[in-house]
A.B. asks: 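Here it is, the structure in full.
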Amino acid sequence: MFCGLQKHYLCAAFNNDHVYLMKQYRHLTNQQIDALKKNDCWAQDWNDIQVTDEFDVKRCHRVQFYGWARLGNSEGTVEITEGFVKNCGIYNATLRNVTIGDGCLIENIGNYLNKVKIGDGCYISNVSTIDTVGEPNYGQGHTIAVLNEVGDGNLLLLNELNSQLAALMVKHGDNRPMMEAIKRMVTESVTASRPECSTIGNQVRVVNTGVIINTVITDGCQICGVSRLSNCTISSSIENPVVIRTGVICENTIISGGSHITGSVKLTDCFVGESCHLENGFTAASSVFFANSYMSNGEACAAFCGPFTVSHHKSSLLIGAMYSFYNAGSATNFSNHAYKMGPMHHGALERGCKTASGAYLLLPANIGSFSVLFGKLMYHPDTRDLPFSYLIAYGDTMYLKPGRNFATVGLYRDIRKWPKRDKRYKGEHRSVVNFDWLSPFTISEVLRGKKILEKLRAASGDKVSTYNYHEYVIKAPLLHKGIKYYDMALRIYMGAVLKRHKPVPPVSTDGEGNWIDLAGLLMPQSAEDQIIEDIIAGRLGTIEAVNARFKEIHANYNELRWSWSYRIILDYYGIDELTDEAVERIHQDYVTARREWIALIREDAENEYTLGDIDREVLDDFVTLLDREVDFENQKLYM
């Protein structure tokens, strides 16, 4: 017998600063075994129970030990709620093959804890089961089908996933060499970090919870009243905790730091990014959510919800599309099913789009940035070359108001609120989010939109009452206003860029050509092409290297933007270089256009007040805010 011998064993552990430590364990003494038996404890084999020197048998009651156990000290107390503390220890529990850290309170385990490693300072109470079954992947490396609901899996889940890497996989899922290279990287990353059993980190609270199987829960996580977690990774931290509460069911899902999942949410095959909030019965399958997205009441299926995607309402369904900086009105619906080949159709709403209450969009469809959708929109619209537009359905007729949203109080509020609502922990920004609303990406669309409207006017003349653009009707006054709005956006953009960069020729041509919005990252198309090429060639051989490239591109955004903008400015003004005189002219055009824009926003706000929707005080405060906009006109933002 080994009982009573002071033989020590080493076991790996981490402290709160994630510093690698080695804990020493030894067998129980005969006196400790006798004391535990008096405390109504039982062991299948007392030789398999190891403890630290500080283990206190007085704080271990009514525990059944199967297999082996490694137990830390039970000193100290745990705060249950404000002003109410309990002694640490293990009470009323069945344990098998477990490691329990220092300063934990484990009590009232209804079924058992099996094959689980628990860190220091944890509070686990009134839990049915925590278990490890088979050879789990904890949701990591799991493949899901986003956009095409019945397609082959095109997105690999992993803890290091960000919106850019996810968008790259979803957009180019048919690029087999790239996908095979990414799969190899993901497999290597997941294999290197996969624990041998379910793991609970330091200072985790799991209370009044049902079943947790094959799940990794890292430091500081708060779990209360959850129904089931199965094959999940909860990537929490002390500084940026994850909160999961009340009736939640998660399967094959990864949840990132700062996120809150509460109120009977059900997630299957999902990824939840940084500081997302999902609540009030929201359900999702095969969907991803990134960076400050907020979902409540409704549902999502095969949806790519980029940064700041918001849906509040019970009757809203996000399905088979890519969204970012998006707001879904009540009863918003998307149809990805033609009842022929199955639910395989998909589309994209570019950044800043909104859907009005009751809006319906028949997929496939592609909607230009900062557009607003009203009614039942059929005929698979593609308005990527007409940003800031209203799309309106009246019966079978589809109307288009090009550029209309550019001059609304709603747009003004949106572009100001997003940076303020970025709640991500300062040290943990996995997804790159560029808040520039007028950028080479949107201005490229503006340039194309202005040219389309001018061609329509030239082809049909000025004496017609309406113009036709594909299946959409544009009323003549609205087409003329659209040209005006787009030209206003161009002049504001060019002046704003010159405030941020010296008027000298760019040092490279890297920013020239088409631009894209890769789920929050504004970048040249050529940069994405280079990433794909480097992944296939092995020059980007790890997930960390790919994500670092995204951040590098973002860090160079100002120079890349200038490289694109310089030629646009010269072409617009018909000049060969940016002389002092030209710069002054561009600045004056910027000031004039910006004041016109602010005046239109003021008019829109006053119209809303006239309708009786807002109080006079609210309007006055908003007008005061607009009056301050003049303070920014002459600021130079470069040294």
A.B. asks: Please examine the side chains of H346 and M322, heavy atoms only from C-beta on, and report whether any two atoms are closer than 4.5 Å.
C.D. replies: no

A.B. asks: Quick one: does E160's side chain have a donor or acceptor within less than 3.5 Å of a partner on E544's backbone?
C.D. replies: no

A.B. asks: Atom CD in E552, atom CE in M523: separation rounded to 0.5 Å?
C.D. replies: 10.5 Å

A.B. asks: Step by step, would you call I492 with Y590 a side-chain contact (heavy atoms from CB on, under 4.5 Å)?
C.D. replies: CA-CA 5 Å; I492 292 174; Y590 159 76; 4.3 Å; yes

A.B. asks: Locate the shortest heavy-atom distance separating E274 from H429; write the atom from each residue and the value.
C.D. replies: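 Closest heavy-atom pair between E274 and H429: OE2-CA, 3.0 Å.
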
A.B. asks: Side-chain donor-acceptor pairs under 3.5 Å in residues 288-296, sequence neighbours left out?
C.D. replies:
from : atom 1 : to   : atom 2 : distance (Å)
N292 : OD1    : K423 : N      : 2.8
N292 : ND2    : D422 : OD1    : 2.9
S293 : OG     : F290 : O      : 2.8
S293 : OG     : G306 : O      : 3.0
S293 : OG     : T309 : N      : 3.2
Y294 : OH     : E279 : OE2    : 2.3
S296 : OG     : N280 : ND2    : 3.2

A.B. asks: Any chance you could measure L373, atom CG, to T355, atom OG1, to the nearest 0.5 Å?
C.D. replies: 7.0 Å

A.B. asks: Checking side-chain contact (heavy atoms from CB on, under 4.5 Å) for the pair R561/V497: CA distance, chi angles, key distance, verdict?
C.D. replies: CA-CA 8 Å; R561 177 182 58 189; V497 169; 4.2 Å; yes

A.B. asks: Taking R351 first and then D414, would you say they form a salt bridge - that is, a charged N and a carboxylate O separated by under 4.0 Å?
C.D. replies: no

A.B. asks: How close do S526 and D510 get, counting heavy atoms only, and between which atoms?
C.D. replies: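 Here S526 and D510 meet closest at OG-O, 3.7 Å.
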
A.B. asks: Under a 3.5 Å cutoff, is there a donor and acceptor pairing between the side chains of S311 and Y326?
C.D. replies: no

A.B. asks: Between F334 and L317, what is the shortest heavy-atom contact and its length?
C.D. replies: CD1-O, 3.2 Å

A.B. asks: Calculate, to the nearest 0.5 Å, the distance between atoms CG and CD1 belonging to L411 and I601 respectively.
C.D. replies: 7.0 Å

A.B. asks: Mind checking whether S335 and Y360 have side chains closer than 4.5 Å, heavy atoms only?
C.D. replies: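 Result yes, sub-4.5 Å side-chain heavy-atom pair found.
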
A.B. asks: Kindly write out the residues that satisfy side chain to side chain contact (heavy atoms under 4.5 Å, CB included) with N468, not counting sequence neighbours, or none if the list is empty.
C.D. replies: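 For N468, the residues satisfying side chain to side chain contact (heavy atoms under 4.5 Å, CB included) (neighbours in sequence not counted) are V473.
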
A.B. asks: Would you say the ring centers of Y572 and Y493 fall short of 6.0 Å from each other?
C.D. replies: no

A.B. asks: Go through the steps to decide whether H501 and S565 satisfy the test side-chain contact (heavy atoms from CB on, under 4.5 Å), and finish with yes or no.
C.D. replies: CA-CA 10 Å; H501 201 286; S565 304; over 6 Å; no

A.B. asks: Regarding D604 and Y412, is there a side-chain donor-to-acceptor distance under 3.5 Å anywhere?
C.D. replies: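 Not at all, the side chains of D604 and Y412 share no donor-acceptor pair under 3.5 Å.
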
A.B. asks: Please confirm whether the backbone N or O of A519 pairs with a side-chain atom of S163, one donor and one acceptor, at under 3.5 Å?
C.D. replies: yes

A.B. asks: Counting N and O atoms only, with roles assigned by atom type, does the side chain of S287 sit under 3.5 Å from a partner on the main chain of C270, one being a donor and the other an acceptor?
C.D. replies: no

A.B. asks: What pair of heavy atoms forms the shortest contact from A582 to E577, and how long is it?
C.D. replies: CB-O, 4.3 Å

A.B. asks: Identify whether NZ of Lys or CZ of Arg in R616 sits under 6.0 Å from the centre of the six-membered ring of Y609 and within 45° of that ring's axis.
C.D. replies: yes

A.B. asks: Kindly say whether I392 contributes a backbone atom to a donor-acceptor pair with the side chain of Y472 at under 3.5 angstrom?
C.D. replies: no

A.B. asks: Working to the nearest 0.5 Å, report the span between CG of D487 and NZ of K450.
C.D. replies: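 Separation between the atoms: 5.0 Å.
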
A.B. asks: To the nearest 0.5 Å, what is the distance between OH (Y486) and CZ (F388)?
C.D. replies: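 If we round to the nearest 0.5 Å, Y486:OH and F388:CZ are 8.0 Å apart.
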
A.B. asks: Does either side chain, that of E471 or that of H380, offer a donor lying less than 3.5 Å from an acceptor on the other one?
C.D. replies: no

A.B. asks: Any chance you could lay out the side-chain contact (heavy atoms from CB on, under 4.5 Å) test for W564 and I443, step after step, and finish with the verdict?
C.D. replies: CA-CA 11 Å; W564 183 87; I443 293 299; 3.7 Å; yes

A.B. asks: Side-chain contact test, heavy atoms from C-beta onward, threshold under 4.5 Å: evaluate it for I516 versus K171 and give yes or no.
C.D. replies: yes

A.B. asks: Is a side-chain donor or acceptor of S389 paired with a backbone partner of G403 at a separation under 3.5 angstrom?
C.D. replies: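 Flag set: sc S389 to bb G403 pair under 3.5 Å.
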
A.B. asks: Is the closest side-chain heavy-atom distance between L600 and E603 below 4.5 Å?
C.D. replies: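 They are in side-chain contact.
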
A.B. asks: Measure across A303 and L318 and return the closest heavy-atom pair with its distance rounded to 0.1 Å.
C.D. replies: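 That would be CB-O, 3.7 Å.
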
A.B. asks: Look only at the side chain of W597 and the backbone of F406, and say whether a donor-acceptor pair between them is shorter than 3.5 Å.
C.D. replies: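 Such a contact is found between W597 side chain and F406 backbone.
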
A.B. asks: Would T408 and N405 count as a side chain to side chain donor-acceptor pair (under 3.5 Å) if you check the C-alpha gap in whole Å, the side-chain angles of each, and the deciding distance to 0.1 Å?
C.D. replies: CA-CA 5 Å; T408 64; N405 196 43; 2.9 Å; yes

A.B. asks: Using a 4.5 Å cut-off on heavy atoms from C-beta on, say whether the side chain of V583 contacts that of I586.
C.D. replies: no

A.B. asks: Find out whether R500 and N558 are in side-chain contact, i.e. whether some heavy atom of one side chain is under 4.5 Å from a heavy atom of the other.
C.D. replies: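 Side-chain contact under 4.5 Å: no.
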
A.B. asks: Any non-hydrogen side-chain atom of Q530 less than 4.5 Å from a side-chain atom of R539?
C.D. replies: yes

A.B. asks: I want to check something: taking the side chain as every heavy atom from C-beta on, are L447 and K451 in contact at a cut-off of under 4.5 Å?
C.D. replies: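 Counting from C-beta outward, L447 and K451 never come under 4.5 Å.
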
A.B. asks: Looking at D621, I'd like to know if its CG atom is crowded, meaning that more than 12 non-hydrogen atoms belonging to other residues, nucleotides or ligands lie closer than 6.0 Å.
C.D. replies: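 Above 12, so yes.
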
A.B. asks: Is there a donor-acceptor pair closer than 3.5 Å between any side-chain N or O of T442 and the backbone N or O of S439?
C.D. replies: yes

A.B. asks: Spell out, as yes or no, whether a donor-acceptor pair under 3.5 Å connects the side chain of W562 to the backbone of V507.
C.D. replies: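 Such a contact is absent between W562 side chain and V507 backbone.
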
A.B. asks: Let me confirm one number: the CG-CG distance from L522 to L560, rounded to the nearest 0.5 Å.
C.D. replies: 11.0 Å

A.B. asks: Looking only at non-hydrogen atoms, find the nearest pair between P381 and L391 and report the distance.
C.D. replies: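 Nearest heavy atoms, P381 then L391: CB-CD2, 4.1 Å.
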
A.B. asks: With no hydrogens and no angle check, is any side-chain donor or acceptor of Y399 less than 3.5 Å from a backbone partner on Y390?
C.D. replies: no

A.B. asks: Is the shortest distance from a Lys or Arg side-chain nitrogen in K484 or E596 to a carboxylate oxygen in the other one below 4.0 Å?
C.D. replies: no

A.B. asks: Tell me whether S563 contacts the main-chain N or O of S508 through its side chain, where contact means a donor paired with an acceptor under 3.5 Å.
C.D. replies: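 Answer holds: yes.
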
A.B. asks: Report yes or no: do N148 and N154 form a side-chain donor-acceptor pair below 3.5 Å?
C.D. replies: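 No, no side-chain donor-acceptor pair sits under 3.5 Å.
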
A.B. asks: For A545, check side chain to side chain contact (heavy atoms under 4.5 Å, CB included) against everything at least two apart and list the hits.
C.D. replies: L540, T542

